[in-house]
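Small disclaimer: the values here were computed from a predicted structure and weren't measured. Remember, it's 1-based here, ligands and their atoms both numbered in the order they're listed. Residues take their numbers from the sequence shown, with the count starting at 1.
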Amino acid sequence: MSAYAPLDVPASGKLPFTDYSRWRLRISDNGDHTWHYLHTNEECTAWPQTDCDKYWLGLPLDLPPLPKPTNALEAARNGYRYFQHLQTEDGHWPGEYGGPMFLIPGLVIGSYVTGMPFKLEERLEMIRYLFNHTNEDGGWGIHVEGSSTVFGTALNYCAMRILGVKPDHPVAVKARACLHKFGGALGVPSWGKFWLSILNVYDWEGNHMIPAELWLLPDWIPVHPHRWWIHTRNVYIPMGYLYGVRFKMEETELVLALREELYTQNYYSIDWPAQRSYVHEVDLYTPHSLVLEGVYKIIDTYENCAFPPLRRAAVRRAYELVVLEDENTDCQDLGPVNKMMNQIVRMHADGRDSEAYKKHYERRHDFMWVGAEGMMMCGTNGSQLWDIGFTAQALIETGLGQEEEFRDSVVRILKWLDNCQIRENPKHFQSAYRHQTKGAWPFSTKTQGYTVSDCTGEGLKAVLYIQEHVKNAPKLISEERLCNAVDVLLSLQNPDGGFASYELIRAPLFLEYLNPAEVFGNIMTEFNYPECTTSVITALSIFRKHNPKYRANDIQRTVTKAVDFLHKAQKPEGPWFGSWGICFTYATQFALESLSLVGETYENSPYARRACDFLISKQRADGGWGESYKSCEVLHWVEHEQTQVVQTCWAAMALMYAQYPHPEPIERAVQLVMSRQRPDGSWPQEAIEGVFNKNVAISYPNFKFEFTIWMLGRAHRYLKELKGRKAA
Ligand code: LAN
């Protein structure tokens, strides 16, 4: 295991551990991202660093100051002049997609146990990232802004040690002290117990049964796992396999050392079965329900006398499903968690000489991102489509996209959108329990290739906007393909009118009582989300203006039901709860966008009015808005300590969607956002913007460009019109 030999690293991660002028971002034909470290000066000259590379590495771009903006539109234009530097040749905007602090451990443990090495520079910068994200107490939380938990601390401690940090390094010493304060790794949540068991530093006996057997049930059963939320089922498939075969790392010196370092008692004296339901209180977001405890009693008892042929069949079935997923996504897989687990399954079943092993080796890099603070593992292989969709709409709605200066940039956006649309259903379609993909846009790239409702909506809007509103724009996406996208959207409505994320809701919502992952909320089934519902409503509304004939009745029925869902989903105080961005500000912006497209405004709709009044009540003295990620956790509004530019834009956009009749709050928001713009047109990074499963924050650093440009440009016109109306 020399690939993981101990390293000498500085005490602090402040300064890079590698030469940052040598990193380059490579973009595949589909827009997948991989970072490369160049070793010779010749290589560096042949492949110069781009502004985009420099920006994400935190290196200065040295762009000259732009003419000082005298109004909101000029500020938006300056913003886009800067943002254009970060657009790649192929037309999209790469971006760092960090935040969750439980992904590097999966990458590192999964690589270690499958014998896949990292390059030295990757190891060094991952270590630095971990150093830079320790909390005051020496530990790590579940995400970069969260306080320390056993999950974050135990797993990242192991990752750091595998990567080469010695146990007496000051960061390791402090992290260990923090972990021991929590009583060691014993109380790690179930996903942590799983990873530590894979690493052979937690006994499998300390885990509740993970039943791959469920996949042998007939599909019609209402709680069959193919009906679970797509991420959850795709994680529990390889988990079931690896639990079923009790996969564990051989006892290396490091494994033996970790058994001593992670616990406050002798590893060999631990009562493992007693730990199965024990999770430290700092980690508990969704405690086990009584029903789940009951189910565990039954299946743990079964496990004691498991019937070997049944177990073999279950493990075989799990393996088949892993292969289908790998083949559908070229081993990139749905997300970083199941990707690393599938990798272990494939190594175990197919061996180290297999094609699958080689593919998995490469595909790890799609998730590994070098940022200013070191190398991280991203939440997906990027947010390519999501970012380009908003950028396109911002450009067209502000009118900037029609300006000659930006023409080339806009056409490149369209080309990228053209390439990204998924043209076919998956290779393994029904057999892998997938929803149709033909016509959809994914969240990141076509390689990953999963339909997402709102990504399809935003992708469709972006294409329609550019093809319709930019003079002489090439019509790259045919009417047939636009209709395919509409078909996908129409296929995704749930009976109560709402839209979920990737699929229809397939199982009863009470399944949430069986949520075994104590650190996440709402993971067992799909749920309807106001954000997703909005993207679909708005995309369909814009599409039918473009093509009033295609499935007109279906569209009408779908939009009416969806708006009805939105009305019902509004909180009594006025906002909507956001599940993917922070939080009430985010979702309320989307909801009011929907309502605006069906003609509901402050003047004529009690829903829009209540929402505006709520937002106005949250505007701060400086003219901005600021909401903490904690809102998503505790389900009510929590102020952020600082005003946030991105949320200020969301709130101001919401007011404009609702045609809020008083200009002052919007003017003050514009002032705040302009006051934070730098002379080169950019905005500095502020607090984290996104969230998932209620408890994990995730970053969308390009939002600070997309929504600022969009809001400023719109506000410029809106305020003018409003004043004109008032004068008349
Ligand atoms: C995402 C990111 C994008 C997000 C939106 C498109 C914004 C949303 O409107 C629909 C859901 C979706 C696609 C989404 C779902 C969950 C994801 C994939 C993530 C938040 C990014 C990371 C997260 C994934 C589950 C992380 C891995 C963790 C597990 C619990 C498996």
Does the residue [X] have a heavy-atom contact with ligand 1, meaning some pair of atoms that are separated by less than 4.0 Å?
{"X": "W229", "result": "yes"}
{"X": "E531", "result": "no"}
{"X": "Y529", "result": "no"}
{"X": "C532", "result": "yes"}

Does the side chain of [X] come under 3.5 Å of the side chain of [Y] through a donor N or O and an acceptor N or O?
{"X": "N234", "Y": "D333", "value": "no"}
{"X": "E458", "Y": "Q393", "value": "yes"}
{"X": "E512", "Y": "T525", "value": "no"}
{"X": "H33", "Y": "H92", "value": "yes"}

Does [X] approach ligand 1 within less than 4.0 angstrom via side chain, backbone, both or neither, non-hydrogen atoms only?
{"X": "F590", "result": "neither"}
{"X": "Y700", "result": "side chain"}
{"X": "C455", "result": "side chain"}
{"X": "N693", "result": "side chain"}

Shortest protein heavy-atom distance from [atom], along with the residue and atom involved:
{"atom": "atom 13 (C) of ligand 1", "value": "Y502 OH, 3.5 Å"}
{"atom": "atom 24 (C) of ligand 1", "value": "H231 CE1, 3.9 Å"}
{"atom": "atom 6 (C) of ligand 1", "value": "D454 OD1, 3.4 Å"}
{"atom": "atom 22 (C) of ligand 1", "value": "G379 O, 3.5 Å"}
{"atom": "atom 3 (C) of ligand 1", "value": "F443 CE1, 3.3 Å"}

> Taking the minimum heavy-atom distance to atom 2 (C) of ligand 1, which of Y97, W580, W386 ranks first?
Replying inline: Y97
>> Can you check which of I523, T534, V337, V235 brings a heavy atom nearest to atom 27 (C) of ligand 1?
In response: V337
>> In the structure I gave you, are the side-chain heavy atoms of W191 and V337 within less than 4.5 Å of one another anywhere?
In response: yes
Which class fits the ring pair [X] and [Y]: parallel under 30°, tilted 30 to 60°, perpendicular over 60°?
{"X": "W369", "Y": "W35", "value": "perpendicular"}
{"X": "Y502", "Y": "Y450", "value": "perpendicular"}
{"X": "W650", "Y": "F703", "value": "perpendicular"}
{"X": "H288", "Y": "H208", "value": "tilted"}

What donor-acceptor contacts under 3.5 angstrom involve side-chain atoms of residues 436-443, with partners at least two apart or in another chain?
| unit_1 | atom_1 | unit_2 | atom_2 | d |
| --- | --- | --- | --- | --- |
| T437 | OG1 | E424 | O | 2.6 |
| W441 | NE1 | L417 | O | 3.0 |

>> Please list, in number order, the atoms of ligand 1 under 4.0 Å from a heavy atom of S501.
In response: 10 (C), 11 (C)
> For ligand 1, which atoms, with element, lie under 4.0 Å from some heavy atom of F520?
Replying inline: 30 (C)
>> Would W191 count as being in polar contact with ligand 1, using the rule that some N or O on each side must be under 3.5 angstrom apart?
In response: no
>> My understanding is that only residues two or more places apart in sequence, or in another chain, count here; which of them pass salt bridge (charged side-chain N to carboxylate O under 4.0 Å, His left out) with D32?
In response: none
